[in-house]
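In what follows, a single structure is set out as structure tokens and then discussed.
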Amino acid sequence: MAKLLIVEDEPAIQNGIMAMIPDLNLPLQIVGACFNGKSALESLETLQPDIVLTDIKMPGMNGLELIQKSREIMPSIEYIILSGYSDFEYVRTAMQYGVNDYILKPFTYQEFREVMKKVCEKVENKKMYNYRRYIQELLFNNHPEKNKGAEVPGKYRCHYLALLCLGAFSVRSVDFITPDYTVWNAPEIEKRINDKMGQSGQCCVLDAKVANEKIVFLSVTDESVMHVKRFVNEASNYAKELDMPMTIALSNPFEDIEQLNKIHHEARINLSNRIVLGKSSVIIPEDTAPIENYVAINSQQRKSIHELLGNENLTGVIDQFLLLAGEWQKARLPQVICEFSAKYLVSEIYNRYDCLQKLYPLEDLLSKVEQVVCSSAGFGDFKEGIAGLMRDIGEDVVRSKVNLNVHEVVERIYQYICQHYTEAVSFEQLSRKFGYHASYISNTFTGIKGISPMKLMTNLRIAKAREMLADSKWPLKEIAAMTGYNDVNYFSRIFKEVAGVSPKQYRKNIRQGDVDKI
């Protein structure tokens with residue numbers, strides 16, 4: 001609501017303006033009316049107007065003098081000049097003083113409303129800007145300076161703080177997840193929520209320190225649960241639009257906004273303790289009793305892992321992790337527990353192999369676990385990311401074993417191709433991992449396995465493509481990409497060389513049940 005001071009020496013015009021203001025249907029409140037510039041100047045600090053509507057020619061102190069002197073006291077005031085046609089030179093001078101607009105007498109209702117509407121919007125935008133800056137200061141600074149231009153909207157005395165988090169929670173100020181900014185941007189989110197809240201509430205949406213989080217300061221008329229439900233329902237729509245799980249950490253209602261820094265800190269602790277990878281949820285303080293980190297692996301499972309490590313069966317350890325992760329997902333364990341448990345497994349692998357301890361410190365490895373977790377949009381990303389990290393550790397172990405014979409190397413390369421054939425596997429890089437020349441190991445591989453490495457990879461890719469072609473929902477371009485071919489035309493040519501028919505014809509034969517041609 002913008003506060004208006006009217007300065008007009010003609011009682012009839014002053015009364016007419018005062019009677020017209022309520023009919024404008026604008027966020028305007030008349031805080032005073034004066035008949036000359038001197039009395040208006042004396043009342044500025046008491047009335048604290050946002051807008052001064054003043055005539056130019058008045059006894060004692062005219063409108064131009066009022067504007068000049070009041071600028072020194074309250075530079076943020078917006079001024080509107082009332083002027084007759086004969087005073088237009090005064091108007092020109094006033095515009096040089098930073099006057100916002102002018103109204104020529106006599107004026108119509110529509111002319112008056114258009115000018116007042118424009119100035120009200122300017123005042124509201126300025127107030128919102130100051131308000132937003134003050135909220136930011138309260139959130140991130142323990143001892144913020146009072147922003148005199150910032151005011152909590154009068155009818156909103158009950159507040160909530162909400163943290164919106166897409167995907168995983170990050171303890172670092174690093175953008176591990178970057179949602180589509182055309183959808184996930186603070187001004188658009190704020191507008192949508194405010195439109196949904198209507199007259200019952202108003203929110204200020206701020207960017208957090210990481211890209212996948214937003215901070216919402218919500219002010220409502222009262223503690224009715226319907227206001228919160230309306231906000232949560234609208235905010236939750238972003239999970240569907242961006243196809244990512246969203247967690248909303250909501251504070252208790254409060255009145256003293258000076259406590260925002262403390263409330264924000266508590267909300268982040270609640271979020272970090274309770275967020276569940278891959279699940280959308282609303283976290284409220286009643287649900288956030290302190291929890292301790294623990295390893296979600298029982299004694300029998302730990303014994304099995306130690307036995308696998310004793311037999312140097314890292315593949316078995318990875319399989320065990322995937323089974324455990326399935327249990328964690330089903331139990332909806334918090335992200336913090338899943339991360340802590342993954343760190344335990346990686347630490348056990350690290351401690352088992354002296355060669356790893358010579359390659360890098362444990363802290364580097366645990367940092368990679370954190371990066372995997374914080375980059376996970378869903379639980380599937382977490383599982384595959386940690387399993388992939390374990391495979392990388394296994395490759396480090398292999399590279400460090402200088403006493404491997406060529407048969408062992410061939411078998412490891414064979415297993416690697418079987419697991420990674422859909423990726424851009426460079427056989428030259430793969431052979432160098434084991435300390436052999438590419439042409440030598442390729443010939444040896446062919447002699448032992450009866451098939452060349454590239455032929456093996458091609459056969460695996462085409463076999464996978466056959467399976468996908470049997471399902472009509474997959475377009476050829478996606479099948480090509482998912483079997484390791486970026487160029488769909490090249491994929492089609494290779495497929496025909498191996499299968500004898502093009503992918504389109506192969507799919508057609510399947511649909512027609514022509515087994516002889518498949």
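Keep in mind that the numbers below use all heavy atoms, side chains included, and drop hydrogens, waters and symmetry copies. In this text the structure is predicted, and so the values were computed from the model without any measurement.
- Not one N or O on the side chain of Asn212 forms a donor-acceptor pair closer than 3.5 Å with the backbone of Cys165.
- The heavy-atom pair separating Ile349 from Leu356 by the smallest distance is O-CD1, 3.9 Å.
- Scanning both residues, Ser280 and Pro245, for their nearest heavy atoms gives OG-CA, 3.4 Å.
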Inset, instruction - Just do the side chain to side chain contact (heavy atoms under 4.5 Å, CB included) check on Ile479 and Arg507 with the steps written out, would you? - result: CA-CA 12 Å; Ile479 292 175; Arg507 173 172 276 170; 3.6 Å; yes
Inset, instruction - Could you walk me through whether Leu218 and Cys203 pass the side chain to side chain contact (heavy atoms under 4.5 Å, CB included) test, one step at a time? - result: CA-CA 4 Å; Leu218 179 66; Cys203 78; 3.9 Å; yes
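- With no hydrogens or angles considered, no side-chain donor-acceptor pair links Asn125 and Glu121 at under 3.5 Å.
- Remark: Glu411 pairs with Lys449 by the salt bridge (charged side-chain N to carboxylate O under 4.0 Å, His left out) rule, at least two apart or across chains.
- Side-chain contact, Arg230 with Ser224: no donor N or O sits under 3.5 Å from an acceptor N or O.
- Sparse packing is recorded around OH of Tyr414, with 12 or fewer heavy atoms of other residues, nucleotides or ligands lying under 6.0 Å away.
- Once rounded to the nearest 0.5 Å, the distance linking CD of Gln320 with CD1 of Ile297 reads 8.5 Å.
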Inset, instruction - Could you check Val336 against Ser272 for side chain to side chain contact (heavy atoms under 4.5 Å, CB included), going step by step and ending with a plain yes or no? - result: CA-CA 7 Å; Val336 64; Ser272 66; over 6 Å; no
Inset, instruction - Any chance you could lay out the side chain to side chain contact (heavy atoms under 4.5 Å, CB included) test for Leu469 and Trp474, step after step, and finish with the verdict? - result: CA-CA 7 Å; Leu469 285 167; Trp474 298 106; over 6 Å; no
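- Trp184 places no side-chain N or O within donor-acceptor distance of the main-chain N or O of Lys214, the cut-off being under 3.5 Å.
- By the salt bridge (charged side-chain N to carboxylate O under 4.0 Å, His left out) test, Glu241 pairs with Arg192, sequence neighbours left out.
- Side-chain atoms of Tyr360 and Asp396 include a donor-acceptor pair closer than 3.5 Å.
- Using a cut-off of 4.0 Å between Lys/Arg side-chain N and Asp/Glu carboxylate O, Arg133 and Glu137 are scored as not salt-bridged.
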Inset, instruction - Decide yes or no on side-chain hydrogen bond (donor to acceptor under 3.5 Å, both in side chains) for Glu307 and Asn311, but give the supporting numbers first. - result: CA-CA 6 Å; Glu307 289 177 355; Asn311 295 325; over 6 Å; no
Inset, instruction - Let me see the working for Glu395 and Arg391 under salt bridge (Lys or Arg N to Asp or Glu O under 4.0 Å), right down to the final yes or no. - result: CA-CA 6 Å; Glu395 291 175 12; Arg391 293 187 189 103; over 6 Å; no
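- For His265, the NE2 atom counts as loosely surrounded, since its 6.0 Å shell holds 12 or fewer non-hydrogen atoms of other residues, nucleotides or ligands.
- Shown here is Asp243, whose CG atom has no more than 12 heavy atoms of other residues, nucleotides or ligands within 6.0 Å.
- Scanning both residues, Val369 and Glu339, for their nearest heavy atoms gives CG1-O, 4.3 Å.
- Rounding to the nearest 0.5 angstrom, the gap separating the CD1 atom in Ile510 from the CD atom in Gln505 is 11.0 Å.
- Arg132 places a side-chain N or O within donor-acceptor distance of the main-chain N or O of Val205, the cut-off being under 3.5 Å.
- A pairwise comparison of heavy atoms in Ala296 and Ser341 identifies N-OG, 2.8 Å as the closest pair.
- With a 6.0 Å radius and a threshold of 12 heavy atoms from other residues, nucleotides or ligands, Asn486 has its CG atom at or below the threshold.
- Of the possible polar contacts, one joining the Ser375 side chain to the Gln371 backbone as a donor-acceptor pair under 3.5 Å is found.
- Within the 3.5 Å criterion, the main-chain N or O of Glu363 finds no donor-acceptor partner in the side chain of Ser367.
- A donor-acceptor contact shorter than 3.5 Å is absent between the side chain of Arg274 and the backbone of Ile283.
- Residues satisfying the side-chain contact (heavy atoms from CB on, under 4.5 Å) test with Lys191, not counting sequence neighbours, are Asp195.
- Using bins of under 30°, 30° to 60° and over 60° for the plane-to-plane angle, the ring pair Phe491/Phe495 lands in the tilted bin.
- To the nearest 0.5 angstrom, Leu324 atom CG is 10.5 Å from Tyr344 atom OH.
- In this structure, Phe321 and Trp328 have perpendicular ring planes: the angle between them is above 60°, well past the 30° mark.
- The minimum heavy-atom distance linking Arg332 with Val276 is given by the pair O-CG2, 3.6 Å.
- Relative orientation of the His264 and Phe140 rings is perpendicular, given thresholds of 30° and 60° on the angle between their planes.
- A 6.0 Å sphere centred on CD of Glu497 holds more than 12 heavy atoms belonging to other residues, nucleotides or ligands.
- When all heavy atoms are compared, the tightest approach of Ala211 to Pro179 is O-CD, 3.8 Å.
- Here SG of Cys418 is found 12.0 Å from CD1 of Ile413. Values are rounded to the nearest 0.5 Å.
- The distance between the ring centers of Tyr134 and Tyr131 does not fall below 6.0 angstrom.
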